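Keep in mind it's a predicted model, so treat the numbers as computed, not measured. Convention: sequence-line order gives letters A, B, ...; per-chain numbering from 1.
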2 protein chains.
Amino acid sequence: MGRPREFDIDDALDGALDLFWRKGYEGTSLSDLTQAMGITRPSLYATFGNKEELFRKALDRYDSTCMAFTREAMKQPTARAVVSHLLYGFADAQTDPVHPSGCMGMNGALACSEEAEPIKQELVGRRVAGEAVLGRRLEEARASGDLPADCDPAELARYVMTLAHGMAVQATSGAGREALYSIVAMTLRAWPSA
Amino acid sequence: MGRPREFDIDDALDGALDLFWRKGYEGTSLSDLTQAMGITRPSLYATFGNKEELFRKALDRYDSTCMAFTREAMKQPTARAVVSHLLYGFADAQTDPVHPSGCMGMNGALACSEEAEPIKQELVGRRVAGEAVLGRRLEEARASGDLPADCDPAELARYVMTLAHGMAVQATSGAGREALYSIVAMTLRAWPSA
DNA sequence: TCCGAATCGTACCGATCGGTACAGTACCGT
DNA sequence: ACGGTACTGTACCGATCGGTACGATTCGGA
């Protein structure tokens with residue numbers, strides 16, 4: 001009951017996400033946000049809590065939409081297919097013309113002031129978690145004979161994620177999709193075969 | 001003539017560099033700076049111009065000290081030695097306990113508000129320039145038969161720099177020196193031989 | 001010794017930051 | 001129809017932002 005809200009929550013969240021993605025957590029002001037989201041300041045606070053909670057919700061939305069392909073990647077049958085799906089997926093997501101360049105997980109807050117430290121730690125945590133998921137998947141692949149027995153799945157996962165993070169920086173710096181593709185192709189050429 | 005300044009310019013610059021490196025351009029306030037540099041606000045402005053010029057001067061100092069090894073790397077005799085020197089150098093610089101983790105060129109400003117855009121562009125420009133220098137060095141290596149004739153030096157340079165940027169993100173996220181070393185080792189294992 | 005020049009510290013500027021008090025408004029259930 | 005409830009806009013809060021005016025201070029040169 002009560003007066004119904006006049007905006008769509010996910011639309012507003014998309015507006016916030018776009019801004020945080022392009023300008024980072026600290027580089028985005030509440031005035032930027034309210035303008036892009038098309039809502040007033042009190043509406044923002046009533047609906048999303050505060051700037052930090054808004055960022056976390058935008059990040060969740062980012063994860064469940066733009067990063068959905070990562071879950072798909074883990075289901076691929078071979079380690080090579082998993083990594084291929086993952087890296088080409090990152091290349092696409094980081095250079096999607098519909099969204100800002102690069103990766104929200106890095107642009108959001110790579111380095112920041114003390115008051116944004118919780119945000120930075122959240123992003124670090126998600127990166128670590130993502131790497132761990134890939135590591136477990138590669139472990140599984142090795143166990144099933146899909147990767148050489150003498151390789152280190154955790155090391156391979158770290159290598160792949162390092163590449164992905166580097167690609168995100170390249171994309172933020174203006175690298176195009178083809179440039180990222182060629183990097184992925186080089187990586188896959190050197191991928192260990194069973 | 002006039003009253004002599006009571007602080008050392010390079011010492012002050014080192015203080016500013018440390019802060020910009022850890023917290024980024026926008027995450028560092030003038031109050032942070034004056035405290036860390038041990039000078040007052042008007043002294044800062046009289047000596048370094050303004051916050052943006054101070055950042056550029058700190059960046060120059062970063063380049064001429066912490067990044068000196070990159071010039072050394074280009075002088076190595078083989079392409080493999082060049083890349084090895086470069087990547088291990090980055091790994092060391094990004095995890096040097098004397099300095100903040102990661103890379104000033106990324107932590108400084110990966111994503112930012114409009115008013116810091118010139119700073120971001122400066123960093124992008126330096127990354128592109130660095131990649132171009134490596135590309136020319138690898139071109140040279142290919143011409144002298146040190147790299148396979150069918151490889152693309154620009155592509156290889158982009159690959160190496162992508163890895164370096166990814167390592168910087170890993171270091172900022174808390175990765176240790178050994179973790180970065182193992183990534184470098186993996187890369188060199190796959191490096192094309194003449 | 002005294003003047004010009006340069007640096008120093010205090011105290012301040014307008015603008016913007018994230019966040020909120022409060023009254024008006026539009027809807028629901030009764 | 002009417003009260004309770006939730007959202008809306010205006011107008012504001014103290015704190016901090018980057019940047020500066022100004023007078024006191026300390027030096028070299030004449």
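- A donor-acceptor distance shorter than 3.5 angstrom exists from the side chain of B:D146 to the backbone of B:A79, with no hydrogens or angles considered.
- Look at CZ on A:R3: it is 8 Å from P on C:dC27, rounded to the nearest Å.
- One side chain, A:E26 or A:S113, offers a donor N or O that lies under 3.5 Å from an acceptor on the other.
- Each of A:K23, A:K51, A:R41 was evaluated against A:D32; a single residue qualifies, A:K23, per the salt bridge (Lys or Arg N to Asp or Glu O under 4.0 Å) test.
- For the pair A:I39 CD1 and D:dC7 P, the computed distance is 12 Å after rounding to whole Å.
- Nearest to the side-chain atoms of A:R5 among the listed nucleotides D:dC7, C:dC8, C:dC27 stands D:dC7.
- Taking side-chain N and O atoms only, B:T40 has a distance below 4.0 Å to OP1 or OP2 of C:dG9.
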Enumerate all atom pairs, one protein N or O and one N or O from nucleotides 18-22 of chain D, separated by less than 3.5 Å.
{"residue": "D:dG18", "atom": "OP1", "partner": "B:T28", "partner atom": "O", "Å": "3.3"}
{"residue": "D:dG18", "atom": "OP1", "partner": "B:K51", "partner atom": "NZ", "Å": "2.7"}
{"residue": "D:dG18", "atom": "OP2", "partner": "B:L30", "partner atom": "N", "Å": "2.7"}
{"residue": "D:dG18", "atom": "N7", "partner": "B:R41", "partner atom": "NH1", "Å": "3.1"}
{"residue": "D:dG19", "atom": "OP2", "partner": "B:Y45", "partner atom": "OH", "Å": "2.6"}
{"residue": "D:dG19", "atom": "OP2", "partner": "B:K51", "partner atom": "N", "Å": "3.2"}
{"residue": "D:dG19", "atom": "O5'", "partner": "B:Y45", "partner atom": "OH", "Å": "3.0"}
{"residue": "D:dG19", "atom": "N7", "partner": "B:R41", "partner atom": "NH1", "Å": "3.1"}
{"residue": "D:dG19", "atom": "O6", "partner": "B:R41", "partner atom": "NH1", "Å": "3.3"}

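- One interatomic measurement links the two molecules: CG of B:L19 to P of D:dC17, which rounds to 12 Å at whole-angstrom precision.
- The nearest whole Å value for the distance from the CG atom in A:L44 to the P atom in C:dT20 is 12 Å.
- If you measure from atom CZ of A:F48 to atom P of C:dT20, you get 16 Å, rounded to the nearest angstrom.
- Taking every side-chain heavy atom of B:S43 into account, C:dG9 is the closest of C:dG9, D:dG9, D:dT8.
- Between the side chains of B:Y181 and B:D92, at least one donor-acceptor pair of N or O atoms lies under 3.5 Å.
- Panel note: side chain B:H85, backbone B:A81; no donor-acceptor pair is recorded below 3.5 Å.
- Judged as a salt bridge (charged side-chain N to carboxylate O under 4.0 Å, His left out), and not counting sequence neighbours, the contacts of B:R22 are B:D18.
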